[in-house]
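Presented below is the structure to which this report refers.
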Amino acid sequence: MTLKSRNHYTFFLASIFFAVTVLTGIFFIYSLIHQDISSRPQEYLFTLKGFSIFRSNPLSVAAGIFLLSLYLPVTAFYLFAHFEKTPSTEIIYFLFFLLGILPELSRLLIPLCTTPESFSSIATFTGRFLFWGRTICAVGFFLGAYMGEQNQRINVEQNIIITTTVTLFLATLLPVNTTSVTKTFSVKWGYASAIYIFQSLIIILALASYAIQYYKTEDKNQLKIALYLVLALAGKIIITASGIFTVITAGFFLLILGTFNYLELVHKMNM
């Protein structure tokens, strides 16, 4: 992938992220104004009544989703502006991480759907979309570590196409339990334990790859990169797994801290 095509791809994704963020904000504000209290379950009501920053509640979950929607275009436009002339393969795979966060916004569809006829379809879509996104995040982490080595910086387009196609295919086959929705508006999957183990193994392999690169080169930047990516990934997981506002805020801080420290380091290494 040439630098010019990567920049076009980054700008295209940034534009999509921005449009989705605007739509998410409009959709959420509309739902607040027109929410039908009588037809919506209590656990899906966005209300300040009884709100606490130390207890799980739907409004905090929605706030976490909106924070992620803001993070996506800001980070993508930052990549476009800051890395426009920097030939870094790592950035291509970091875009996988951003793309994997996008499905998290679909969780907002769950509390906004009040009709039983459409809930099953929306829950199925959300569950499979979340599986694809969370798997892409882990795979992007691994590819950034393993394919970032000098002798592996070839066939980037092929890696992207194969990874995207395989994960999308698996997502279409995934059984989804539409009757089981968590407090964070996530839909539970079939074979959940096996999936979590698989995703965890991918992350462990990525960390092992950074450790091996450090052992070979004694370059401490490899350890710093691993640390910053772990911080970003941990922040994202905290935001998506918690409904407590203070915890979500802490997760967002980790996400920002890890992301921009990682990008600054990669930029410095490729100058």
Side-chain angles (χ1 to χ4, degrees), residues 17 20-21 24-33 35 37 40-75 97-98 100-114 119 122-123 126-127 129-131 133-135 137-138 141 176-189 192-193 195-197 199-200 203 227-262:
F17 292 155
V20 172
T21 297
T24 301
I26 293 173
F27 198 41
F28 180 58
I29 292 172
Y30 177 84
S31 71
L32 286 178
I33 298 173
Q35 64 178 335
I37 297 176
R40 187 174 296 181
Q42 189 67 32
E43 61 269 23
Y44 293 163
L45 282 178
F46 300 130
T47 175
L48 290 173
K49 184 179 180 181
F51 176 83
S52 172
I53 62 174
F54 301 108
R55 290 203 308 267
S56 179
N57 58 83
L59 200 57
S60 293
V61 176
I65 294 172
F66 192 65
L67 283 175
L68 288 176
S69 75
L70 292 175
Y71 165 81
L72 288 176
V74 170
T75 306
F97 177 73
L98 297 183
I101 292 178
L102 184 63
E104 298 296 337
L105 309 189
S106 68
R107 290 186 292 136
L108 199 58
L109 295 173
I110 296 295
L112 300 183
C113 179
T114 57
F119 182 82
I122 289 177
T126 301
F129 201 24
L130 285 174
F131 165 80
R134 293 174 184 180
T135 303
C137 275
F141 187 26
V176 176
N177 185 359
T178 59
T179 62
S180 182
V181 179
T182 69
K183 291 183 178 180
T184 57
F185 312 150
S186 294
V187 183
K188 292 187 177 181
W189 312 314
S193 297
I195 291 170
Y196 290 136
I197 291 172
Q199 293 172 344
S200 299
I203 295 171
L227 173 62
Y228 294 146
L229 284 175
V230 167
L231 287 177
L233 191 60
K236 181 257 183 187
I237 292 172
I238 290 171
I239 294 172
T240 57
S242 178
I244 303 172
F245 187 77
T246 48
V247 176
I248 290 172
T249 303
F252 190 66
F253 173 76
L254 289 177
L255 178 62
I256 296 296
L257 181 67
T259 294
F260 290 99
N261 275 291
Y262 167 75

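Each residue takes its place number in the sequence, starting with 1.
Nearest heavy-atom pair, Gly243 versus Thr184, reported as atom, atom and distance to 0.1 Å: N-CG2, 4.0 Å. Minimum interatomic distance between Gln199 and Thr135 (heavy atoms only, all atoms of both residues): NE2-OG1, 3.2 Å. Shown here for Ile203 and Ala138, the closest heavy-atom pair between the two residues is CG1-CB, 4.2 Å. Annotation for Gly25 and Phe66: closest pair CA-CE1, 3.7 Å, computed over non-hydrogen atoms.
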Step-by-step side chain to side chain contact (heavy atoms under 4.5 Å, CB included) determination, Leu257 to Tyr228: CA-CA 8 Å; Leu257 181 67; Tyr228 294 146; over 6 Å; no
Chi angles and distances behind the side chain to side chain contact (heavy atoms under 4.5 Å, CB included) call for Asn177, Trp189: CA-CA 6 Å; Asn177 185 359; Trp189 312 314; over 6 Å; no
Chi angles and distances behind the side chain to side chain contact (heavy atoms under 4.5 Å, CB included) call for Val176, Phe131: CA-CA 10 Å; Val176 176; Phe131 165 80; over 6 Å; no
Full working for side chain to side chain contact (heavy atoms under 4.5 Å, CB included) between Val61 and Lys183: CA-CA 8 Å; Val61 176; Lys183 291 183 178 180; 5.9 Å; no
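Note that the CD1 atom of Ile122 and the CD1 atom of Ile110 stand 7.0 Å from one another [nearest 0.5 Å]. Considering CZ of Phe54 and CZ of Phe245, their distance stands at 11.0 Å, rounded to 0.5 Å. Summarising the geometry, atom CG belonging to Leu229 is positioned 5.0 Å from atom CZ belonging to Phe141; distances are rounded to the nearest 0.5 Å. Between the CZ atom in Phe253 and the CG atom in Leu231 there is a gap of 9.0 Å [rounded to 0.5 Å]. For the atom pair OG of Ser106 and CD1 of Ile65, the computed distance is 8.0 Å after rounding to the nearest 0.5 Å. Here the CZ atom belonging to Phe17 is positioned 11.5 Å from the CG atom belonging to Leu68, to the nearest 0.5 angstrom.
Put simply, the side chain of Ser242 never gets that close to the backbone of Ile238: no donor and acceptor are under 3.5 Å apart. Counting only distance, with no hydrogens or angles, the side chain of Thr21 and the backbone of Ser69 share a donor-acceptor pair below 3.5 Å. Side-chain atoms of Asn57 come within 3.5 Å of backbone N or O of Ser52 as a donor-acceptor pair. Side-chain atoms of Asn261 do not come within 3.5 Å of backbone N or O of Thr259 as any donor-acceptor pair.
Residues Ser60 and Ile248 meet the side-chain proximity criterion, which asks for heavy atoms closer than 4.5 Å. Looking at Ser186 and Val181, their side chains never come closer than 4.5 Å, going by heavy atoms from C-beta outward. Looking only at side-chain heavy atoms (C-beta outward), Thr240 and Arg107 come within less than 4.5 Å of each other. Using a 4.5 Å cut-off on side-chain heavy atoms (C-beta onward), Phe97 and Leu233 make contact. Contact of the Val20 side chain with the Leu72 side chain is not registered, since no non-hydrogen atoms from C-beta on lie closer than 4.5 Å. At a threshold of 4.5 Å between non-hydrogen side-chain atoms, the residues Thr24 and Leu108 count as touching.
When the shell of 6.0 Å around CZ of Phe252 is examined, it contains more than 12 heavy atoms from other residues, nucleotides or ligands.
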